[in-house]
There are 2 protein chains.
Amino acid sequence: MRSAEQVSEVFSRRPKRADARRNYETLISAAREAFAEDGVSASLEDIARRAHVGIGTLYRHFPTRQDLFESVYVDEVEALCRTAGDLADQPPWDALAGWLHRFVRYTATKRALAEALNRDSELFRTCRTEVHAAGEPLLRRAQRAGTARTDASFDDVMHLVGGITMIHFAEPGQLERVVGMALNGLRPQPPSSDQESRAASSVASVSSATSVVSR
Amino acid sequence: MRSAEQVSEVFSRRPKRADARRNYETLISAAREAFAEDGVSASLEDIARRAHVGIGTLYRHFPTRQDLFESVYVDEVEALCRTAGDLADQPPWDALAGWLHRFVRYTATKRALAEALNRDSELFRTCRTEVHAAGEPLLRRAQRAGTARTDASFDDVMHLVGGITMIHFAEPGQLERVVGMALNGLRPQPPSSDQESRAASSVASVSSATSVVSR
DNA sequence: AAAGTAGCGGAGGAATGCCTCCGTTTGCAA
DNA sequence: TTGCAAACGGAGGCATTCCTCCGCTACTTT
């Protein structure tokens with residue numbers, strides 16, 4: 001909860017006047033959609049059009065294209081972190097699963113912006129830290145409650161879910177379904193007959209399952 | 001070997017006259033570089049310039065932008081398949097490892113073109129089949145020779161190496177190094193003290209190693 | 001070596017995108 | 001309610017890209 005606000009305070013300069021703030025939000029949504037559809041080369045005039053806003057308004061809020069990229073990304077990180085707080089009153093497993101499903105949208109945005117974002121920037125590093133701070137407690141809580149297996153680290157889980165989203169799915173619901181399968185792999189496993197589990201074996205068993213489904 | 005020619009025959013319409021053929025090849029190389037650097041929105045005039053060729057020449061060979069995308073992709077697939085044939089006289093493990101290193105360049109191209117390529121197309125499916133036909137025997141041969149562990153399927157290996165390339169590496173040689181580490185994980189493992197290996201455990205142990213290195 | 005044709009190059013018009021500038025509108029504080 | 005600073009919209013100039021068209025070049029064939 002605190003972490004989401006922290007990112008806001010550091011990075012995003014939301015305007016204070018009501019109309020300006022409304023336009024700012026609308027523009028970010030429009031940009032996120034446009035980038036997802038057309039990639040980073042989406043036209044700025046098109047984004048302004050989608051937001052029902054003049055091109056001048058876009059440029060006032062985001063003087064450079066890079067500003068817009070970063071604002072969309074930060075906005076997505078903020079929303080993801082906020083979701084973690086919102087889920088705090090859910091049962092441990094539901095909170096974790098809900099958050100990871102939300103995480104999928106984040107990775108989609110991140111992937112669309114990948115070629116534009118500088119991954120060594122201060123901003124990028126801070127965002128990663130914030131995401132970790134928001135999500136890691138959810139995993140730990142589920143593990144302590146006995147509803148998530150304890151041999152998976154947060155980093156493992158990020159790679160597991162993040163890797164799935166790298167695959168391009170044709171069918172609409174397929175991605176969610178596969179993520180669901182992956183989450184199944186995170187549940188505590190009944191002790192198998194011939195071996196006990198090592199750190200990354202949950203990741204292994206699930207990712208081999210997904211590779212059957214699609215590629 | 002036969003498979004590479006098969007793709008050629010089906011898809012790529014290489015011109016027969018010497019100068020035309022030379023320009024065709026040069027254009028494809030230039031396009032591959034340009035797409036890798038600037039993404040799918042690279043300028044066609046820039047590509048013609050890189051190839052030291054008039055813009056008209058580019059348009060004669062590739063009437064639409066999509067034609068160029070597909071030709072670059074098919075060319076990369078052909079080259080990859082041909083490499084498999086060229087490596088046939090190497091020792092089994094060297095052949096497999098060499099091919100997988102070559103495979104990395106293929107995935108880089110594929111990633112750059114990802115948003116432009118229709119993954120359900122006839123062309124795309126055929127290419128996948130050809131890649132499989134070219135690479136799978138290399139894996140089987142190394143496995144029969146006892147130099148690659150037998151509990152990894154070809155699909156597992158593709159996901160392993162393909163997944164690594166999805167990570168964006170800052171350092172130049174880092175990708176190759178990490179692929180090298182991954183290949184190490186493909187070697188037959190000394191029987192571990194507390195358990196024997198299951199189908200995907202090679203993938204697991206290596207991917208957990210890479211996640212330490214970078215993300 | 002001569003002819004015929006496939007191939008080449010690039011000028012240029014249409015379209016689109018980028019970004020600035022400024023006259024008009026509107027939210028908000030007093 | 002009123003005044004004004006903040007925000008808006010979009011016309012327009014410049015740059016870039018796309019793509020066609022056609023006069024010229026040079027490869028191949030006989």
Side-chain angles (χ1 to χ4, degrees), chain A residues 8 12-73 75 112-113 115-118, chain B residues 8 12-73 75 112-113 115-118:
Chain A
S8 282
S12 83
R13 298 220 144 272
R14 283 192 163 71
K16 47 261 143 266
R17 230 176 79 168
D19 54 346
R21 190 182 176 99
R22 194 167 45 243
N23 283 332
Y24 181 94
E25 315 276 9
T26 313
L27 275 168
I28 291 215
S29 295
R32 191 183 48 238
E33 281 174 30
F35 291 146
E37 278 175 37
D38 307 333
V40 288
S41 59
S43 147
L44 298 187
E45 314 228 88
D46 178 49
I47 291 174
R49 222 172 299 127
R50 285 174 191 245
H52 306 291
V53 144
I55 185 67
T57 301
L58 187 151
Y59 274 96
R60 192 166 337 93
H61 286 301
F62 312 101
T64 75
R65 177 175 275 264
Q66 193 66 25
D67 286 333
L68 186 51
F69 290 149
E70 295 184 351
S71 299
V72 168
Y73 179 62
D75 183 79
L113 295 180
E115 38 173 310
L117 245 41
N118 174 10
Chain B
S8 282
S12 84
R13 297 220 144 270
R14 282 193 163 68
K16 46 256 142 276
R17 228 177 80 170
D19 54 347
R21 189 182 177 101
R22 194 168 44 243
N23 282 331
Y24 181 95
E25 315 276 8
T26 313
L27 275 168
I28 291 216
S29 295
R32 191 183 50 238
E33 282 174 29
F35 291 146
E37 278 175 36
D38 307 332
V40 289
S41 58
S43 148
L44 297 187
E45 315 228 87
D46 178 49
I47 291 174
R49 221 172 300 127
R50 283 175 192 246
H52 306 290
V53 143
I55 185 67
T57 301
L58 186 152
Y59 275 96
R60 193 167 337 92
H61 287 302
F62 311 101
T64 74
R65 179 175 272 264
Q66 193 65 26
D67 287 331
L68 187 51
F69 289 149
E70 295 185 351
S71 299
V72 168
Y73 178 62
D75 183 78
L113 295 180
E115 38 173 310
L117 246 40
N118 174 10

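Here is the naming used below: chain letters follow the sequence lines, and residue numbers restart at 1 for every chain.
- Considering only heavy atoms from C-beta on, B:V72 stays 4.5 Å or farther from B:D75 through its side chain.
- Across the protein-nucleic acid pair, B:Y24 atom OH and C:dA6 atom C1' stand 17 Å apart, rounded to whole Å.
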Any N/O pairs under 3.5 Å between the protein and nucleotides 18-21 of chain C? List them or say none.
| unit_1 | atom_1 | unit_2 | atom_2 | d |
| --- | --- | --- | --- | --- |
| C:dC18 | OP1 | A:R65 | NH2 | 2.5 |
| C:dC18 | OP2 | A:L44 | N | 3.0 |
| C:dC19 | OP2 | A:Y59 | OH | 3.0 |
| C:dC19 | N4 | A:E45 | OE1 | 3.1 |

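- Along DNA chain D, the nucleotide nearest to A:N23 and the one nearest to B:R60 differ in position, and the one closer to the 5' end is contacted by A:N23.
- In 5' to 3' order, the nucleotides of DNA chain D bounding all contacts with chain B (an atom under 4.0 Å from a heavy atom) are D:dT17 to D:dT28.
- A search for ring-ring contact (aromatic ring centres under 6.0 Å, His included) contacts involving B:F69 returns B:F35, not counting sequence neighbours.
- Not one side-chain nitrogen or oxygen of B:T57 sits closer than 4.0 Å to the OP1 or OP2 atom of C:dG7.
- Considering OG1 of A:T26 and CD1 of A:I47, their distance stands at 13.0 Å, rounded to 0.5 Å.
- Taking atom NE2 of B:H52 as the reference point, atom C1' of C:dG10 lies 16 Å away to the nearest angstrom.
- Results of the side-chain contact (heavy atoms from CB on, under 4.5 Å) test with A:P15 over A:R22, A:E25, A:H61 single out A:H61 as the only residue that passes.
- Contact annotation: the side chain of B:L44 approaches that of B:R65 to within less than 4.5 Å [non-hydrogen atoms, C-beta and beyond].
- Distance check, rounded to the nearest 0.5 Å: CG of A:L27 to NE2 of A:H52 gives 11.0 Å.
- Taken from CZ in A:F62 to OG1 in A:T57, the straight-line distance is 11.0 Å, to the nearest 0.5 Å.
- With hydrogens and angles left out, the side-chain atoms of A:D67 and A:T64 include a donor and acceptor closer than 3.5 Å.
- In this structure, the CZ atom of B:F62 is 13 Å from the P atom of C:dG7, given to the nearest Å.
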